[in-house]
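Since the structure comes first, as structure tokens, the remarks are kept for the end.
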Amino acid sequence: MIDVPLSALEVAMVQTGTRPVETLRDTTAFAQGLEQLAYHRIWYAEHHHSPAIGAFPPVVLTAHAAASTSAIRLGSGGVLAPNHAPLTLAEQFGTLAALHHGRIDLGIGRGPGTFDEATARALRRGAGPTTDAEYHDDVAAILSFLVDEVALDPLPEPWLLASSTAGAALAGTLGLPIALAHHIRPDNTRAALDRYRAAFTPSRWCEQPRVLVCVEAVCAETEEEAAWRVGPMDVVKSGLLKGLSEIPFPTPADAAVHPFTEAERQALAGFRAQQAVGAPETVVRRLAQLADETGADELMLTTPVYDLRDRLRSYELIRKCAEATTAP
């Protein structure tokens with residue numbers, strides 16, 4: 001039984017054979033579909049210079065989705081602090097929160113959002129990778145500017161994204177809710193959670209530890225169909241295992257004939273075992289297990305499958321099965 005809210009992470013995968021503008025248009029239908037399915041929130045991730053993921057600014061997607069929906073919470077998951085001036089982020093999300101009362105989140109992350117060094121430097125006006133101290137200062141400045149400079153009502157709900165114990169410790173020290181990237185580094189989840197809870201100090205933003213766990217969830221009517229749907233992302237991941245970042249997002253048919261090595265198959269199977277892929281009962285059981293193991297207050301699902309209809313169907317099947325298992 002899943003007794004925590006379910007939300008969604010929109011990664012905006014650009015399908016082979018389509019244009020980024022089509023992916024961009026799909027984000028509207030996705031937001032409206034998730035609102036109809038009563039999902040709690042949608043976050044938009046920041047990515048740059050990738051053939052598989054659209055370079056759509058989270059603040060723009062958040063604004064457009066907020067204007068296209070009426071109730072679902074929306075925000076960044078995350079906007080990457082090193083790529084932006086803290087005051088700019090505070091002004092942008094503070095304005096959105098004032099325009100869309102009680103619906104806007106500001107999820108803050110650290111990574112560059114790209115594997116390309118030239119792109120990362122262009123985003124940062126030639127600066128190199130940010131240090132721990134610089135990142136800590138940026139996050140603190142964003143929070144300060146929200147209160148002291150923007151000072152609108154209501155303010156966006158700030159979250160800190162983390163996939164390591166260092167990021168978890170910062171979230172705890174600042175008294176922020178934490179969003180753990182279990183869908184990226186599942187082996188770090190337990191240690192990061194322990195560090196966060198041990199370091200947590202109550203703040204104006206959060207009185208007690210609050211945990212969101214993001215998990216890859218691909219659901220279909222059968223186990224075999226779910227494995228088919230997850231194939232394109234397996235191809236992208238196998239490229240990353242080889243250090244290749246310029247991998248397009250293929251069709252399921254192309255993914256089905258991709259020549260994975262045995263080592264890649266084992267690595268992908270190990271990763272998938274820590275996520276939630278399969279028929280509805282399998283996925284809901286795994287999500288409930290993950291919520292129980294982590295003590296999560298919320299689960300965020302990311303579903304990188306090829307077709308918008310199949311993606312929305314995955315969320316629909318999960319919602320229906322979850323509701324059926326909780327019905328009296």
Side-chain angles (χ1 to χ4, degrees), residues 2-13 27 30-31 34 37 39-47 52-53 58 61-62 65 72-81 105-111 113 157-168 170-172 176-197 206 209-219 230 233 236-237 240 271-278 283-284 286-305 311 314-315 318-319 322:
I2 301 175
D3 57 1
V4 299
L6 295 178
S7 296
L9 175 65
E10 170 65 280
V11 182
M13 306 299 294
T27 63
F30 180 72
L34 268 287
L37 291 169
Y39 276 78
H40 183 54
R41 70 178 97 227
I42 301 171
W43 282 355
Y44 300 98
E46 179 179 345
H47 292 279
I53 305 175
L61 293 181
T62 299
I72 194 167
R73 292 193 67 94
L74 300 154
S76 57
V79 69
L80 303 174
D105 304 325
L106 172 53
I108 305 167
R110 176 175 177 171
E157 185 173 274
W159 291 72
L160 200 70
L161 279 61
S163 61
S164 68
T165 54
L170 177 61
L176 292 176
I178 191 172
L180 283 168
H182 183 83
H183 66 300
I184 297 175
R185 298 176 70 181
D187 292 339
N188 286 4
T189 298
R190 172 53 61 189
L193 273 173
D194 291 344
R195 186 72 176 274
Y196 170 67
R197 290 177 172 134
C206 202
R210 186 176 174 197
V211 174
L212 178 153
V213 174
C214 187
V215 55
E216 187 172 296
V218 177
C219 187
V230 84
M233 195 60 189
V236 174
K237 289 173 186 169
L240 295 176
F271 175 85
R272 191 181 301 177
Q274 299 184 77
Q275 307 301 315
V277 177
V283 171
V284 169
R286 173 60 186 141
L287 292 176
Q289 179 186 25
L290 185 62
D292 184 61
E293 291 173 350
T294 61
D297 301 292
E298 183 174 341
L299 294 177
M300 179 167 278
L301 316 182
T302 182
T303 306
V305 300
R311 195 151 51 103
S314 177
Y315 283 97
I318 293 170
R319 170 59 76 193

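Residue numbers start at 1 and run along the sequence shown.
The side chain to side chain contact (heavy atoms under 4.5 Å, CB included) test applied to S163 returns A181, R185, not counting sequence neighbours. Every residue meeting the side-chain hydrogen bond (donor to acceptor under 3.5 Å, both in side chains) condition with Q289, not counting sequence neighbours, appears here in chain and number order: R286, E293. In this view, T165 and A191, R195 satisfy the side chain to side chain contact (heavy atoms under 4.5 Å, CB included) rule, not counting sequence neighbours. Shown here are the ring pair (Phe, Tyr, Trp, His ring centres under 6.0 Å) partners of Y44, two or more places apart in sequence or in another chain: there are none. Residues satisfying the side-chain hydrogen bond (donor to acceptor under 3.5 Å, both in side chains) criterion with S314, sequence neighbours excluded, are absent altogether. When the side-chain hydrogen bond (donor to acceptor under 3.5 Å, both in side chains) test is applied to D297, no partner is found at least two apart in sequence or on another chain. Residues passing the salt bridge (Lys or Arg N to Asp or Glu O under 4.0 Å) test with E46, sequence neighbours excluded: none. With sequence neighbours excluded, the residues forming a ring pair (Phe, Tyr, Trp, His ring centres under 6.0 Å) with Y315 are F30, Y39, listed by chain and number. Remark: D194 pairs with R190 by the side chain to side chain contact (heavy atoms under 4.5 Å, CB included) rule, at least two apart or across chains. With sequence neighbours excluded, the residues that form a side-chain hydrogen bond (donor to acceptor under 3.5 Å, both in side chains) with H182 are T189. Residues meeting the side chain to side chain contact (heavy atoms under 4.5 Å, CB included) test with A81, sequence neighbours left out: I108, Y135, D138, I142.
Scanning both residues, A162 and A168, for their nearest heavy atoms gives CB-N, 3.8 Å. Of all heavy-atom pairs spanning L287 and A276, the tightest one is CD2-CB, 3.8 Å. Across all non-hydrogen atoms, the minimal contact from W159 to P177 is CE3-CB, 3.3 Å. Of all heavy-atom pairs between T294 and R197, the closest is O-NH2, 2.8 Å. Minimum interatomic distance between A296 and V213 (heavy atoms only, all atoms of both residues): CB-CG2, 3.8 Å. Between I318 and A217 the shortest heavy-atom distance is CD1-CB, 4.1 Å.
Contact of the T302 side chain with the C214 side chain is registered, since non-hydrogen atoms from C-beta on lie closer than 4.5 Å. Side-chain contact between V11 and H47: present, with at least one pair of heavy atoms (C-beta onward) separated by less than 4.5 Å. The shortest distance between side-chain heavy atoms of R110 and L80 does not fall below 4.5 Å. Looking at heavy atoms from C-beta onward, I2 lies in side-chain contact with V284 at the 4.5 angstrom threshold. Counting heavy atoms from C-beta outward, W43 and S7 have side chains that stay 4.5 Å or more apart.
The side chain to side chain contact (heavy atoms under 4.5 Å, CB included) test with P5 singles out one residue from R73, M300, R41, H40, and that residue is H40.
Residue pairs meeting the salt bridge (Lys or Arg N to Asp or Glu O under 4.0 Å) criterion with at least one partner in residues 210-219, sequence neighbours excluded, are E157-R210, E216-K237.
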Checking L34 against I72 for the side-chain contact (heavy atoms from CB on, under 4.5 Å) test, could you report, in this order, the C-alpha distance in whole Å, the side-chain angles of both residues, the deciding distance, and whether it holds? CA-CA 8 Å; L34 268 287; I72 194 167; 4.1 Å; yes
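From Y196, atom OH reaches atom CG of L176 across 7.5 Å, with rounding to the nearest 0.5 Å. The line from CG of L301 to CD1 of I42 is 11.5 Å long, rounded to the nearest 0.5 Å. Taken to the nearest 0.5 Å, the CE atom of M13 stands 11.5 Å off from the OG1 atom of T303. In this structure, S76 OG and L161 CG are separated by 7.5 Å, a value rounded to the nearest 0.5 Å.
Using a 3.5 Å distance cut-off with no hydrogens or angles, the side chains of T27 and E10 do not pair a donor with an acceptor.
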